[in-house]
Novice: 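Dropping the structure in here first, questions after.
First the proteins, then the strands, lettered A, B, ... as listed; each starts at 1.
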2 protein chains.
Amino acid sequence: MEDKELFEEKLVEIEALIDSEKIVDLNEYIEEMHPADIAEMMVELPEEKMHKVFQVISWELAAKVLDELDSDMFSKILSLLTSEHKKKLLELMSLDNMVDILAELSEEKRLELINLLDAEDAEDIRELLVYDEDTAGGIMTTEFVSLRKDITIYNAIEHLREHAPDAETIYYVYVVDKNNRLSGVISLRELIVARPNALVEDIMSESIIYVNINDDQEEVARVVKKYDLLAIPVTDTNGRLRGIITFDDIMDVLEEEATEDIYKFAGTMEAEAELYEEDKISIRIFSSVKARLPWLIVTLFGGIMSATILSRYEDTLNSYAAVAFFMPLLTGMGGNVGTQSSTLTVRGLATGNVDAGKSLRTIFQEMSVGVCVGTICSLLVCAVAFFWMNNIRLGIVVGISMAANMITAATIGTVVPILFKKWGIDPAVASAPFISTALDITGITIYFTLTTLILLQA
Amino acid sequence: MEDKELFEEKLVEIEALIDSEKIVDLNEYIEEMHPADIAEMMVELPEEKMHKVFQVISWELAAKVLDELDSDMFSKILSLLTSEHKKKLLELMSLDNMVDILAELSEEKRLELINLLDAEDAEDIRELLVYDEDTAGGIMTTEFVSLRKDITIYNAIEHLREHAPDAETIYYVYVVDKNNRLSGVISLRELIVARPNALVEDIMSESIIYVNINDDQEEVARVVKKYDLLAIPVTDTNGRLRGIITFDDIMDVLEEEATEDIYKFAGTMEAEAELYEEDKISIRIFSSVKARLPWLIVTLFGGIMSATILSRYEDTLNSYAAVAFFMPLLTGMGGNVGTQSSTLTVRGLATGNVDAGKSLRTIFQEMSVGVCVGTICSLLVCAVAFFWMNNIRLGIVVGISMAANMITAATIGTVVPILFKKWGIDPAVASAPFISTALDITGITIYFTLTTLILLQA
């Protein structure tokens with residue numbers, strides 16, 4: 001809340017400075033701010049004020065602000081600037097952010113901007129645009145410093161000093177041979193504490209952790225997180241160093257992948273997350289409908305299957321309607337237990353807490369949990385059914401169904417994601433529809449079988 | 001899969017080296033490995049082999065391996081070592097990892113280990129143990145380098161060289177005044193490119209992004225992620241620098257918080273995640289039951305409410321049992337749509353994609369999505385009901401109920417998390433039970449009201 005107030009205050013102050021045309025004060029005020037905060041302000045400002053801000057701040061800061069914007073805001077601001085101004089800002093932007101933004105623009109706009117770049121940057125951008133945005137190639141940058149291994153530490157530091165302004169990080173420096181093949185890594189920390197006349201190859205580490213340019217970003221994040229890396233080098237299939245990925249991009253990937261898993265689990269696709277930023281509400285609604293409908297249709301047919309099973313028990317329902325009262329309760333509770341077990345299993349498989357190799361242990365554990373919660377809920381609901389309907393047989397049927405249902409739900413909720421994982425299907429995306437459909441069907445079957453056996457045979 | 005095979009191969013190799021007592025080869029082999037990989041191996045080795053590994057590797061590497069272990073493995077390995085060996089390894093471990101592990105040990109074991117430390121470290125550890133493990137104080141380390149502002153860059157770099165071995169990071173260096181109050185920050189990158197005879201205060205940045213020692217770790221992660229920081233300083237209420245938090249801990253927090261949200265949403269508490277590592281299966285089952293039962297009991301009573309509502313329509317059910325066939329379908333689909341809307345809203349609120357301030361827009365969007373998917377599913381199910389039961393009135397009732405149900409579900413699924421957020425209740429933890437219960441009740445009420453109005457009045 002405090003942050004929000006501070007933000008509003010700053011926004012008012014900036015607008016006031018623009019209105020009163022106090023250019024020097026405005027410049028001083030904004031230059032003190034962090035680019036991420038300026039970017040946040042931009043979204044709230046009307047166009048002419050945005051333009052004003054970009055006119056008064058330094059090119060370096062302006063480029064950093066562009067780094068923080070999404071593609072819509074980026075296009076909006078660039079359209080206000082002259083070609084010369086655009087060219088200068090694009091040159092100063094970080095390549096990986098520019099690629100992310102360019103990838104979301106129309107072909108025409110993209111080409112217009114690439115044509116403003118100098119030949120070398122344009123080539124890098126074109127190369128980076130080729131890679132799928134969910135791969136190492138798609139999130140890497142080509143702005144890094146590499147060293148030859150036969151130079152001294154003193155020269156290496158001089159080299160770093162010179163190339164630092166253009167590099168995404170200088171804290172890890174990669175060592176390459178004459179064919180640009182990755183052959184070592186050295187941290188700035190190690191450079192600083194080494195003797196200046198030692199050679200790079202004497203202190204560099206040769207056991208390098210790296211990823212391939214085609215690796216999935218989720219795999220890259222797993223490696224970076226496991227080894228606590230500030231940056232990771234990206235090589236092609238010939239072992240040549242092609243780029244690096246820094247920890248800040250990995251933090252974004254971690255959040256993105258968690259969101260993706262959560263959305264998939266609820267039966268919708270990740271594209272929705274990105275669309276939240278966009279403006280046209282009709283596009284967002286259409287995209288949401290398209291993302292959610294498939295799972296809904298699958299479960300709709302599951303529901304129709306439940307209905308056909310129920311229709312086989314029409315006589316039971318006709319002769320004793322009270323049986324229907326407990327149906328939503330039983331299927332609902334089965335669904336809840338199934339959701340708990342499957343959520344834990346799917347997330348556990350994603351974070352590595354559940355090992356597909358030790359699946360029997362996980363299944364046993366979840367079944368045991370199902371037995372415990374099933375027994376407790378079963379006793380409660382048995383008592384309610386008995387005292388309410390004054391029918392001990394109904395109480396027993398509902399109670400046993402509840403326990404059987406919850407144990408089945410815990411088992412199916414655990415087994416299905418583990419099986420999907422083994423079969424190479426993403427456990428997050430496919431588990432929910434199968435589990436929810438399967439549980440409705442098993443729940444109804446158990447309940448009406450017991451009803452026929454215990455309640456109506458009396 | 002490739003990784004897994006490589007891991008198994010290495011494990012076999014290490015076991016063979018231990019069995020054949022090739023100490024020198026074993027040492028060389030393991031010293032080449034990354035501590036995170038060695039820690040993973042440890043879990044698979046029998047005790048006497050673990051012990052052997054710890055006897056042959058250097059103390060520095062052994063301490064780094066301990067940094068990577070969970071509290072169980074940590075205790076197991078320490079119990080194999082002599083006091084002298086333990087003392088040495090603890091001194092070399094990183095303080096924030098040691099605190100995390102010590103916090104999970106029994107009081108007795110914790111004191112035993114703290115007594116092995118030198119006075120200064122013991123004091124730091126005792127101080128760090130005071131903070132809640134979910135706060136900035138709980139995840140920070142006191143191993144950082146700080147500088148006085150009146151020294152030269154040359155001296156600052158010398159100071160860094162000297163203190164680098166004990167510091168968690170030297171890439172950000174914090175500048176303090178004589179009362180240890182945080183007054184600036186400077187990156188190693190800036191130090192490297194600055195003139196050696198300039199003063200620290202001339203190049204340091206005074207707009208410092210920091211967190212308070214009592215801030216929640218989720219808030220800390222949000223700030224670090226927003227500003228792409230490698231590390232963030234932690235101050236107390238008097239502005240004194242108390243510790244730093246590095247990006248690697250933030251990556252853990254991001255994953256932990258996403259897992260926590262996911263578990264809460266499924267109606268279970270986060271403690272389960274940590275217990276996955278532990279050994280005693282009975283403890284884990286008990287803890288799972290304790291974590292999941294509250295939500296199950298809440299929804300159980302919601303289900304009983306559904307049952308009492310249904311009982312008011314006993315005559316309807318008795319006279320036309322086919323009405324009951326479509327009940328699981330209708331409540332199930334309502335639940336699915338509600339889950340989709342509430343998942344998107346809850347996750348959106350957590351990542352900032354949904355702004356509680358612009359809630360009307362989000363609600364409007366979700367309702368529109370509900371109208372679209374509701375209409376499509378409604379037509380489908382109306383057709384099925386009509387052709388199957390050969391009853392157009394039933395088809396119309398089921399169809400309208402389906403649409404009404406899904407629109408209500410989308411609305412409730414969006415409004416409830418937004419309201420909870422406004423009222424200061426965690427949207428993740430409380431939304432699911434309320435939404436699922438509310439939807440069963442509204443779904444049944446809509447369906448049977450329409451049945452009474454359209455189907456039975458005919």
Novice: Which distance, rounded to the nearest 0.5 Å, do you find between the OG1 of A/Thr343 and the NZ of B/Lys264?
Specialist: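 Between atom OG1 of A/Thr343 and atom NZ of B/Lys264 there are 14.5 Å.
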
Novice: Where does A/Asp252 contact chain B at under 4.5 Å (heavy atoms): side chain, backbone, both or neither?
Specialist: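 Looking at A/Asp252, backbone and side chain both touch chain B.
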
Novice: So for A/Val384, is it side chain, backbone, both, or neither that comes closer than 4.5 Å to the heavy atoms of chain B?
Specialist: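 A/Val384 touches chain B through side-chain heavy atoms alone.
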
Novice: For a side chain to side chain contact (heavy atoms under 4.5 Å, CB included) check, start with the C-alpha distance between B/Ser205 and A/His34, then their side-chain angles and the critical distance, and finish with the verdict.
Specialist: CA-CA 11 Å; B/Ser205 159; A/His34 192 282; over 6 Å; no

Novice: Against chain B, label A/Glu158 side chain, backbone, both or neither, depending on which of its atoms sit under 4.5 Å from a heavy atom there.
Specialist: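 Neither; nothing under 4.5 Å.
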
Novice: Can you list the steps and then say if B/Leu344 with A/Arg292 is a side chain to side chain contact (heavy atoms under 4.5 Å, CB included)?
Specialist: CA-CA 11 Å; B/Leu344 260 94; A/Arg292 298 185 204 177; 3.9 Å; yes

Novice: If you count heavy-atom pairs within less than 4.5 Å of chain B, which of A/Leu330, A/Thr437, A/Leu317 leads?
Specialist: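 Highest number of pairs under 4.5 Å: A/Leu317.
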
Novice: Which atom names give the shortest non-hydrogen contact between A/Met327 and B/Ala324, and what distance separates them?
Specialist: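 In terms of heavy atoms, the two residues are closest at CE-O, 3.6 Å.
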
Novice: Counting heavy-atom pairs under 4.5 Å to chain A, which of B/Asn318, B/Val337, B/Ile376 comes out on top?
Specialist: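 Heavy-atom pair counts peak at B/Asn318.
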
Novice: So, the side chain of A/Arg189 versus the backbone of B/Ala164: is there a donor-acceptor pair under 3.5 Å, distance only?
Specialist: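 Yes: the side chain of A/Arg189 pairs with the backbone of B/Ala164.
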
Novice: To the nearest 0.5 Å, tell me how far A/Leu160 CG sits from B/Leu188 CG.
Specialist: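 Separation between the atoms: 9.5 Å.
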
Novice: Go through the steps to decide whether B/Thr169 and A/Tyr171 satisfy the test side chain to side chain contact (heavy atoms under 4.5 Å, CB included), and finish with yes or no.
Specialist: CA-CA 11 Å; B/Thr169 185; A/Tyr171 297 131; over 6 Å; no

Novice: What distance do A/Lys290 atom NZ and B/Cys372 atom SG have between them, rounded to the nearest 0.5 Å?
Specialist: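 So the NZ of A/Lys290 and the SG of B/Cys372 are separated by 13.5 Å.
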
Novice: What distance separates A/Thr259 OG1 from B/Asp261 CG, expressed to the nearest 0.5 Å?
Specialist: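 The OG1 atom of A/Thr259 sits 9.5 Å away from the CG atom of B/Asp261.
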
Novice: Considering only heavy atoms, which portion of A/Leu254 lies under 4.5 Å from any heavy atom of chain B: side chain, backbone, both, or neither?
Specialist: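 Side chain of A/Leu254 only, per the 4.5 Å heavy-atom cut-off to chain B.
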
Novice: What distance do A/Leu191 atom CG and B/Ile192 atom CD1 have between them, rounded to the nearest 0.5 Å?
Specialist: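 Separation between the atoms: 8.0 Å.
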
Novice: Can you tell me if B/Lys64 has over 12 outside heavy atoms packed within less than 6.0 Å of its NZ?
Specialist: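 No.
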
Novice: Please classify the contact of A/Thr246 with chain B as side chain, backbone, both or neither, using a heavy-atom distance under 4.5 Å.
Specialist: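 For A/Thr246, no heavy atom lies under 4.5 Å from chain B.
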
Novice: What residue, out of B/Thr316, B/Val224, B/Val193, B/Asp228, has the most heavy-atom pairs lying under 4.5 Å from chain A?
Specialist: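 Highest number of heavy-atom pairs under 4.5 Å: B/Asp228.
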
Novice: May I ask you to name which of A/Gly332, A/Pro35, A/Pro165, A/Ser368 has the most heavy-atom pairs under 4.5 Å with chain B?
Specialist: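 Maximum pair count with chain B is reached by A/Ser368.
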
Novice: Among A/Leu293, A/Ile250, A/Thr331, single out the residue with the greatest number of heavy-atom pairs under 4.5 Å to chain B.
Specialist: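 The residue among A/Leu293, A/Ile250, A/Thr331 with the greatest pair count is A/Leu293.
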
Novice: Given that the side chain runs from C-beta out, which part of A/Phe364 has a heavy atom under 4.5 Å from chain B: side chain, backbone, both or neither?
Specialist: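 When you check distances to chain B, only side chain atoms of A/Phe364 fall under 4.5 Å.
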
Novice: Check the pair B/Phe247, A/Asp248 against side chain to side chain contact (heavy atoms under 4.5 Å, CB included), reporting the backbone distance first and the verdict last.
Specialist: CA-CA 9 Å; B/Phe247 74 98; A/Asp248 50 317; over 6 Å; no

Novice: Run the side-chain donor-acceptor check on residues 294-309 of chain A: report pairs under 3.5 Å with partners two or more places apart or on a different chain.
Specialist:
| unit_1 | atom_1 | unit_2 | atom_2 | d |
| --- | --- | --- | --- | --- |
| A/Thr299 | OG1 | A/Trp295 | O | 3.0 |
| A/Thr299 | OG1 | A/Leu296 | O | 3.0 |
| A/Thr299 | OG1 | B/Asn336 | ND2 | 3.1 |
| A/Ser306 | OG | A/Gly302 | O | 3.3 |
| A/Thr308 | OG1 | A/Met305 | O | 2.6 |

Novice: A/Ser207, A/Ser311, A/Ser341, A/Ala258: which one forms the most heavy-atom pairs within less than 4.5 Å of chain B?
Specialist: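 The candidate making the most pairs under 4.5 Å is A/Ser311.
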
Novice: Just so I understand: if I count every heavy-atom pair under 4.5 Å between each of A/Arg161, A/Glu314, A/Glu257, A/Gln340 and chain B, which residue has the most?
Specialist: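 Most pairs with chain B among the choices: A/Gln340.
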
Novice: Which residue in the set B/Glu40, B/Glu255, B/Glu68 passes salt bridge (charged side-chain N to carboxylate O under 4.0 Å, His left out) when paired with A/Lys226?
Specialist: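 Considering B/Glu40, B/Glu255, B/Glu68, a salt bridge (charged side-chain N to carboxylate O under 4.0 Å, His left out) with A/Lys226 is found only for B/Glu40.
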
Novice: Give a yes or no on this: more than 12 heavy atoms of other residues, nucleotides or ligands lie within 6.0 Å of atom CD of A/Glu32.
Specialist: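 No, the 6.0 Å shell around CD holds no more than 12 heavy atoms from other groups.
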
Novice: When you look at CZ of A/Phe286, are more than 12 heavy atoms from neighbouring residues, nucleotides or ligands closer to it than 6.0 Å?
Specialist: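 12 or below, so no.
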
Novice: Mind checking the CZ-CG spacing from A/Phe326 to B/Leu310? Nearest 0.5 Å is all I need.
Specialist: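 Reported to 0.5 Å precision, the distance equals 10.0 Å.
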
Novice: What part of A/Ile444 gets closer than 4.5 Å to chain B, counting heavy atoms only: side chain, backbone, both or neither?
Specialist: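 Only the side chain of A/Ile444 comes within 4.5 Å of chain B.
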
Novice: On a heavy-atom basis, which atom in B/Asp440 and which in A/Pro328 lie closest, and how many Å separate them?
Specialist: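 Heavy atoms only, the tightest pair is OD2-O, 4.3 Å.
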
Novice: Given heavy-atom pairs under 4.5 angstrom as the criterion, report whether the side chain, backbone, both or neither of A/Met33 touches chain B.
Specialist: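 Nothing of A/Met33, per the 4.5 Å heavy-atom cut-off to chain B.
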
Novice: With respect to chain B, which residue among A/Leu230, A/Leu380, A/Leu229 yields the maximal number of heavy-atom pairs within a distance under 4.5 Å?
Specialist: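 The candidate making the most pairs under 4.5 Å is A/Leu230.
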
Novice: Less than 4.5 Å to any heavy atom of chain B: does that hold for the side chain of A/Val346, its backbone, both, or neither?
Specialist: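 It is neither, since no heavy atom gets under 4.5 Å.
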
